[in-house]
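Quick caveat: nothing in here was measured; it's all calculated off a predicted structure.
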Amino acid sequence: MIYGWVIGGLTALDLGIKSVVEGQEDGTFPRELPNSRGMIKLHKNHNAGFPFGFLKERPELVKTVPLMVISAMAGALCSLLQGKGKTAQKLGLSIIIGGALSNLYDRLARGYFSIEWDRLKKVVFNLGDMFVFLGSAVIVAEQVAVSLAETAKKVGKK
């Protein structure tokens with residue numbers, strides 16, 4: 001069950017990094033990530049809502065919606081695991097769930113969403129967010145490849 005290991009491993013990795021960042025003094029942030037040549041800055045931010053603080057005044061909703069979405073994704077993964085193939089979709093969903101679970105843990109256990117680093121000027125991400133983006137990219141890339149293959153078949157038949 002490699003996909004369970006992917007989910008658990010990515011969740012643990014992100015939570016471990018968040019734990020290290022949370023244990024450091026607030027005054028040492030923001031700072032450059034060593035060896036990133038200034039491309040990545042570490043931050044220690046807390047967000048009680050969705051991105052940009054949206055709905056921070058509704059904490060139960062901010063906890064419940066991600067739980068429902070993760071549950072739906074886990075159900076989709078379980079459904080995919082019943083059959084052979086669709087490896088990219090299984091892997092993509094596993095990566096997404098791994099990142100989403102660490103962010104859900106933040107919301108449920110800490111009451112806020114922990115944010116560690118940025119690459120953009122005004123938007124700050126954590127590793128869990130990057131896993132969600134990466135998993136989504138895996139699924140999109142697989143869908144594009146399938147679509148291109150189907151189009152090539154149709155063109156070849158004419």
Hey, what do you get for [atom1] ([X]) to [atom2] ([Y]), rounding to the nearest 0.5 Å?
| X | Y | atom1 | atom2 | value |
| --- | --- | --- | --- | --- |
| C78 | M73 | SG | CE | 12.0 Å |
| S102 | L15 | OG | CG | 5.0 Å |
| K90 | Y3 | NZ | OH | 5.0 Å |
| L127 | L13 | CG | CG | 5.5 Å |
| D106 | E22 | CG | CD | 7.5 Å |
| L93 | L77 | CG | CG | 5.5 Å |

Side-chain heavy atoms under 4.5 angstrom apart, residues restricted to Ile, Leu, Val, Met, Phe, Trp, Tyr: same cluster for [X] and [Y]?
| X | Y | result |
| --- | --- | --- |
| I97 | V69 | yes |
| M130 | V140 | no |
| L10 | L91 | yes |
| I2 | L101 | yes |
| W5 | F131 | no |

If you count heavy atoms of other groups shown closer than 6.0 angstrom to [atom1] of [X], is the number above 12?
| X | atom1 | result |
| --- | --- | --- |
| K63 | NZ | yes |
| E57 | CD | yes |
| R31 | CZ | yes |

Indicate yes or no: at least one non-hydrogen side-chain atom of [X] is less than 4.5 angstrom from one of [Y].
| X | Y | answer |
| --- | --- | --- |
| K154 | T151 | no |
| I96 | I70 | no |
| K18 | R110 | yes |
| E32 | L42 | no |
| Y105 | D14 | no |

(message) Does Q89 form a side chain to side chain contact (heavy atoms under 4.5 Å, CB included) with Q143? I'd like the steps, not just the answer.
(response) CA-CA 9 Å; Q89 289 179 18; Q143 292 295 315; 3.0 Å; yes

(request) Start with the C-alpha gap between K41 and L33, add the side-chain angles, then the distance that decides, and say whether side chain to side chain contact (heavy atoms under 4.5 Å, CB included) holds. (result) CA-CA 5 Å; K41 282 191 175 179; L33 182 68; over 6 Å; no

(request) Please confirm whether the backbone N or O of I7 pairs with a side-chain atom of S94, one donor and one acceptor, at under 3.5 Å? (result) no

(request) Ignoring hydrogens and angles, tell me if any N or O in the side chain of S79 forms a donor-acceptor pair with the backbone of G75 under 3.5 Å. (result) no

What's the shortest heavy-atom distance between [X] and [Y], and which atoms?
| X | Y | value |
| --- | --- | --- |
| L61 | P66 | O-CD, 4.1 Å |
| V21 | H43 | CG1-O, 4.0 Å |
| A88 | E142 | CB-CG, 3.4 Å |
| E25 | T28 | O-OG1, 2.7 Å |

(message) Before you tell me yes or no, could you show the steps for M1 and L81 under side chain to side chain contact (heavy atoms under 4.5 Å, CB included), namely the whole-Å CA-CA distance, both residues' side-chain angles and the distance that decides it to 0.1 Å?
(response) CA-CA 9 Å; M1 181 80 173; L81 290 173; 3.5 Å; yes

